[in-house]
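The structure under discussion appears below in the form of structure tokens.
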Amino acid sequence: MEMVPSEENQLVPKEGMFWSCRQSIFDEMKKRFSQIENAAEEPRVLCIVQDTTNAKTVNERLTLNLPASTTLSKLFEDVAHKASYVNGTFDLAWGKTGDMGSLDPSSEMSLTESGFEPGKRNFLQLTDKDGEQPQIASDESGTAGSSGLDDSSQERFIGPLPRDGTVGCSSDYSSPSYSYSSILNKSDTGYVGLVNQAMTCYLNSLLQTLFMTPEFRNALYNWEFEESEEDPVTSIPYQLQRLFLLLQTSKKRAIETTDVTRSFGWDSSEAWQQHDVQELCRVMFDALEQKWKQTEQADLINQLYQGKLKDYVRCLECGYESWRIDTYLDIPLVIRPFGASQAYSSVEEALQAFVQPETLDGANQYFCERCKKKCDARKGLRFLHFPYLLTLQLKRFDFDYTTMHRIKLNDRMSFPEELDMGPFIDVEDEKSPQTESCTDSGAENEGSCHSDQMSNDFSADDGVDEGICLDSASSTERVLKPKSSLTFELFSVMVHSGSAAGGHYYACIKSFSDGQWYSFNDQHVSKITQEDIRKTYGGSSGSRGYYSSAFASSTNAYMLIYRLKDPSRNAKYLDCDDFPEHIKHLVQREKESEEQEKRQREIERNTCKIKLFCMHPVKTMALMENKLEVHKDKTLREATEMAYKLMELDGVVPLDCCRLVKYDEFHEYLERSYEGEDDTPMGLLLGGVKSSYMFDLLLETRRPEQIFQPYKPGEVMVKVHVVDLKTDTIAPPVSIRAYLNQSITEFKQLIAQATELSAETMRVVLERCYNDLRLLYVPNKTLKAEGFFRSNKVFVESSESPDHQVTFTDSLLWKLLDRHGNTIRLFVSLPVQSPGTNRTICPKVGGDTEECSEGSKGNRNSVEAILEESTEKLKNLSLQQQQGSSTSDSQKSSDTSDFEHIESPSPSQEPDSSVSAVVAVDNRELENRIRAASGGSGGGTYSDPETQFPGEERSDSEVNNDRSTSSVDSDILSSSHSSDTLCNADSGPIQLANGLDSHSITSSRRSKANEGKKETWDTAEEDSGTDSEYDENGKSKAESYYLYFRAEPYAQEDGSGEGGQKCVLVHVDKRITLSAFKQNLEPFVGVTSTQFKVFRVYANNQEFESVRLNETLSSFSDDNKVTIRLGRALKKGEYRVKVYQLLVNDAEPCKFLVDTVFAKGMTVKQSKEELMPQLKDQCKLDLNIDKFRLRKKTWKNPGTVFLDYHVYEEDINISSNWEVFLEVLDGPEKMKSMSQLAVLTRRWTPAQMKLEPFQEVVLESSSVEELKEKLSEISGIPLENLEFAKGRGTFPCDISVLEIHQDLDWNPKVSTLNVWPLYICDDGAVVFYRDSTEEPMEQSEDERNELMKKESSRLLKTGHRVSYSPRKEKALKIYLDGGPVKDPGQD
């Protein structure tokens, strides 16, 4: 048997070794399972970590759910892994208890031992370590801060930075190791970015380009600022100098440009204006030239950037030439010639077109001075002098005269890295002896000399030694001059991304120190490659045509800057050691300034900032306000002196006649004074340094002969209202001062002095809180004991009326105050009655009624007859109630009615008082009879009286889709009954439905059962939501007492009440519940409160139903409008829902269908089942339950698809006046899970210039690739040719086919749909797509104009046409005097 050594170095059989290994594996697995089992049983600790190391991540949270036994060192490792930081480069501190120190990263203590609480949220803060930001962890791929950026095969991000919370558009930014911290730390490139103030990316691009230009930077450093001659704040060169120094020496990630823009004379509003970078370059250079006058740098701009060209016209008959010399700072190159269908393919081609002369012939002939007649001529431009720094502007912004819109030309235009300008010099005039020049009057650079004379003139030009002046040398020299002298190298590309309406600028700049290209994108600086530069050419593959820019990227080069390749002149960047002395001093000052800023921040943290008020004795009698900033260690005496100077009281009032006191501006009272505390620190007096204080300070003054009155903390301010019971009026307030320790007797004496009322008969009522009235009748009780506070309101009445002897809660004074504080006025519109045949009602003893019209054979127990009876009984009930209080009033109301009476055959048939006394039938009995009648009538009726009645006719307001509510709801009476059982719609004076006149219906303030209770609203039940007016036993849950309610007829002044509309003006106590309010309205509406709804009308005439019956009217205010509509009131847990049909391919995609009711706990399938009969009866839609879906409706936009198993209030949030879409399906439902995403797609076919109908695409994820694959399947477009864009605006996101190519952001560089710029996170998003290889339709001008008219008409009908209103751009100006001077007469 073969023997092998065991673990104990003993020889054991080989077979035994196998079993030994196997056993050890089993033991290890058992141990692992045991650990997992224990971890499952072990309590967990939830850690929520906030990254506070930078502004971008401060709102983000890292969540870790760890076992309680986890050590602190393991916690740091997990946080480092999740945040993509290097462990050991950050600290963790408690988030809720700032006084505790940081956690120990090397501790082996468990989380529970370190103070973490299992089962609760433990908040931590990730902070800097030793003042240094955390290091970003890099992985093997090198995607974060590694050399991977130099790999030319890897796609890079050089465009606009991704927005917050999104992923970038390249592989660099979508890698798992990418973190936003990588753009918040100083770039590893060593360069510093610039902060975008708001829309100053164009400024940042130009400033970075100038900074990276050695000749400009060095010249700027050589200029020395004379502080004695100019304010440094308004000195543009000085602020540029400071900015460049910070860009070169700062350790920050990015620095602000506010000092530079302030020197321009700009305010904060300029930061929100985007301008053209070429325009800024021109304006800034002009400003620098003005500032540098009479200095060594006076001609710097011209030396570096200015060139010369000749604008000439030459006669083709005699050779006579007229010319003018012009200077230029940049060369504008046309992308596409006017009227042409093709664009220039390269910068060289555009330059050739720039110097290409045109022939003046025919009607455009030129009048030759030598020939003395009009002759054919040649007009053109010749370059005479190239600048050292050559700037080319690619004119991508144009104007479309057909659509009258500004457009951006995204056509491809290539540009070389080295540009040879030799071929663009035309020497034709040197070869022709016939060339002459003529003088145009008044032109400084115009002449009438031959070409040889012209050369001599230019030789004397001061600027000849700079750049390349081709006419300053002889023809022999020009021939012998090496070609390299005309070669320029590219070093800056300013890129624009966006449309003509707006976009984003950034710069791609080559460093002359190492030849590396960098992307300067505001605060982000990164390395890029030549391939990235080529991506800025613009355009797309395929042939060029009129619509070539429609399929092009919107990110392309806009300005190019080249430098002449001349080793003798090419400069290098100045090192810090080579700085001039004044620059070294400036660097030192900047360091000191930074230290000073740190000290200032420390002072700011210890400075108390509080509002200061003062009644200036001379300037104004109004209260002056200022802000006092005082260090917490300053004494009260020093703070008073500071306030004294701040309020400019020097020379007006002596300092010893001023003092600071605690003041409350809101309540307008002095809280306390600080006697004997002049040496107390302000931090102690104010309670420490706080961001805001609950009180203010007042600088109080006195005359020298006066003495300051001490203000004790117990002092209060009281506003006194005098009440007159004779006139039922309450006077405006009078303010007095009292003390909390004063007795009521002393307080009355104080009031008597202020109001001249008798203190003997005075009654004082304190309003402790809103309408909480308290009679102050205990003489020796103090104000503090009575509940006085900082600000108080009291009502006083002093008379000898017998009302003094009555209990306060039953007195006239209490009733007046209570009514004054709680009564509101409401305008109530009653429902319009549907027109119909009026029935004649014959009253019978016992309250029964019968129809007296011929041929009436209906069942007496029918719903129709009982509803007629209910109206009559409501009338009689109200009459009976009135008779109980006043028989004369009842008689009067029966005789003079302001509402329409129900017709009767003769006056003798009208009910008298004896009959009305017999018909005291409870409303609930009427409802029970309605239930019985409905249950026995058959034919699809319902036994529940609160469910809908069949066959109801929809009102006009329901037919109109723009109405938010309907007059007669879909769950109320049938149309054949509504006009018979309710009030008539005849014209005439307004009358009550119960026959009453317009006298007040004032119910008792409290019933006998509630006597003695002061707070009448305390008896109301708490309402947890929509509730029913009746309990399970059918008894009314409304209070047994009624608060103040008075109604009177009201005629609407606007005439909207005509045609049967009735209105009443209601004065009601706002503590009344909605249930009681509805019961009070029953006599006016004519039906029970369960059969009508109350809608609150807001300022925009939008109506919302009030459904919480146990809530009071406390949210209503005076003159609110209320509309009453017929319909079943909601039960608890029910919500009224409006259902609209979604027709995605119709001109009007949103069509109103029905009003219905959904209940809490109901599934979507159950709600669909209840909808089906309504849709069939009212909308003639006979649908199968599997053939339609419900989905969320937000305005007109379709949203989340509701699945059949979803439950309302659990899976779907539902609210009052909810709206949903009903969508009829063409096939089976594709949506099966909430993880799916339903997108509405629409193909744009340029060849036919049309948009195809919508098609829904259901995605399993938010992947862009999956979307493209689905679109490729349904359209047949190859995946590599498919491009898409998200629609804009409200559904259906309609857009003109003439504008779709430039208004949408086609083919966004993202990998998922839920990031910027798409943000497709919910169902219903609109996506357009196209074939990038499809050629657009060729159109003549007439065809294009005709199509434009059709599109305008189509979009105008659908309501999606938005009139073109371009943003008014503010003129770009740099103010040399520090700011604009506003015209006083300018509005």
Side-chain angles (χ1 to χ4, degrees), residues 938-942 944 947-954 958-959 961 966 969-971 974 1134-1194 1196-1212 1214 1218-1241 1253-1260 1270 1274 1291-1292 1322-1324:
T941 59
Y942 296 87
D944 188 351
T947 54
Q948 67 177 20
F949 294 95
E952 182 193 16
E953 179 183 343
R954 295 173 61 204
E958 284 180 303
V959 177
N961 291 341
S966 58
D969 202 37
S970 61
D971 49 1
S974 65
E1134 290 185 336
Y1135 298 90
R1136 204 168 305 281
V1137 179
K1138 291 186 173 300
V1139 182
Y1140 294 80
Q1141 186 175 4
L1142 178 63
L1143 304 164
V1144 293
N1145 288 309
D1146 280 19
E1148 180 52 55
C1150 181
K1151 176 185 177 183
F1152 176 76
L1153 293 178
V1154 294
D1155 271 318
T1156 187
V1157 174
F1158 288 176
K1160 177 181 178 180
M1162 177 186 289
T1163 65
V1164 174
K1165 186 174 183 179
Q1166 290 172 338
S1167 64
K1168 290 166 66 174
E1169 290 171 348
E1170 292 202 6
L1171 266 178
M1172 290 168 59
Q1174 297 183 52
L1175 296 173
K1176 184 175 181 180
D1177 295 340
Q1178 301 179 32
C1179 307
K1180 310 304 180 187
L1181 281 176
D1182 191 3
L1183 300 174
N1184 187 290
I1185 194 169
D1186 297 326
K1187 293 300 182 181
F1188 71 97
R1189 64 158 66 134
L1190 299 180
R1191 66 191 305 168
K1192 182 179 178 181
K1193 178 180 182 289
T1194 306
K1196 292 186 177 181
N1197 299 312
T1200 308
V1201 175
F1202 300 149
L1203 305 181
D1204 285 350
Y1205 58 84
H1206 283 166
V1207 180
Y1208 295 115
E1209 286 288 16
E1210 293 182 9
D1211 304 311
I1212 303 170
I1214 188 170
W1218 203 43
E1219 294 181 347
V1220 296
F1221 269 128
L1222 181 148
E1223 185 179 11
V1224 179
L1225 301 175
D1226 296 331
E1229 176 64 81
K1230 298 178 182 178
M1231 292 289 291
K1232 303 297 182 183
S1233 169
M1234 286 299 291
S1235 62
Q1236 294 175 308
L1237 188 66
V1239 180
L1240 293 169
T1241 64
F1254 279 104
Q1255 288 181 282
E1256 185 179 74
V1257 170
V1258 177
L1259 306 176
E1260 300 299 327
K1270 295 277 188 180
I1274 63 176
F1291 186 81
D1322 196 4
D1323 302 328

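Contact record, Glu1170 with Val1157: OE1-O, 4.3 Å, taken as the closest heavy-atom pair. Here the closest non-hydrogen pair linking Ala1147 and Pro1149 is O-CD, 3.4 Å. The two residues Ala1238 and Asp1323 make their nearest non-hydrogen contact at N-OD1, 2.9 Å. The two residues Cys1179 and Leu1153 come nearest to each other via the heavy atoms SG-O, 3.6 Å. Residues Cys1150 and Tyr1140 share a closest heavy-atom pair of SG-CD2, 3.6 Å.
Heavy-atom neighbours of Lys1270 NZ from other residues, nucleotides or ligands within 6.0 Å: above the threshold of 12. The number of heavy atoms from other shown groups lying within 6.0 Å of CG (Asp1226) does not exceed 12. Applying the 6.0 Å contact sphere to NZ of Lys1168 captures more than 12 heavy atoms from other residues, nucleotides or ligands.
At least one side-chain heavy atom of Met1231 sits under 4.5 Å from a side-chain heavy atom of Leu1203. The shortest side-chain heavy-atom distance between Ile1214 and Val1137 falls under the 4.5 Å cut-off. In this structure, the side chains of Leu1222 and Leu1183 come closer than 4.5 Å at one or more pairs of heavy atoms. A 4.5 Å side-chain heavy-atom check between Ser1167 and Val1220 finds every atom pair outside the cut-off.
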Subject >> Step-by-step salt bridge (charged side-chain N to carboxylate O under 4.0 Å, His left out) determination, Glu1229 to Lys1165 >> reply: CA-CA 13 Å; Glu1229 176 64 81; Lys1165 186 174 183 179; over 6 Å; no
Subject >> Chi angles and distances behind the side chain to side chain contact (heavy atoms under 4.5 Å, CB included) call for Phe1188, Met1172 >> reply: CA-CA 10 Å; Phe1188 71 97; Met1172 290 168 59; 4.0 Å; yes
**OP:** Kindly indicate, with the supporting measurements, whether the criterion side chain to side chain contact (heavy atoms under 4.5 Å, CB included) is fulfilled by Arg1189 and Phe1202.
**Re:** CA-CA 7 Å; Arg1189 64 158 66 134; Phe1202 300 149; over 6 Å; no
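Atoms CG and CG, on Leu1171 and Leu1181 in that order, are 10.5 Å from each other to the nearest 0.5 Å. To the nearest 0.5 Å, the span separating CZ on Phe1291 from CG on Leu1142 amounts to 5.5 Å. Rounding to the nearest 0.5 Å gives a distance of 8.0 Å between NZ of Lys1160 and CD of Glu1210. Rounding to the nearest 0.5 Å gives a distance of 12.5 Å between CZ of Arg1191 and CD1 of Ile1212. A distance of 9.5 Å separates OG1 in Thr1200 from NE2 in His1206, rounded to the nearest 0.5 Å. Separating the CG atom in Asp1182 from the CG atom in Leu1175 is a distance of 9.5 Å, to the nearest 0.5 Å.
For Gln1174 and Thr1156, the side-chain atoms include at least one donor-acceptor pair closer than 3.5 Å. Between the side chains of Glu1223 and Gln1141, no donor N or O sits under 3.5 Å from an acceptor N or O.
Proximity of a side-chain donor or acceptor of Thr1163 to a complementary backbone N or O of Tyr1205 within less than 3.5 Å is not detected. Thr1194 contributes no side-chain N or O that, together with a main-chain N or O of Asn1197, makes up a donor-acceptor pair within less than 3.5 Å.
Note on ring orientation: taking the six-membered ring where Trp is involved, the planes of Phe1158 and Trp1218 are perpendicular (angle over 60°, cut-offs 30° and 60°).
Figure legend: cation-pi geometry between Lys1193 and Phe1221, with NZ or CZ positioned under 6.0 Å from the six-membered ring centre and within 45° of its axis.
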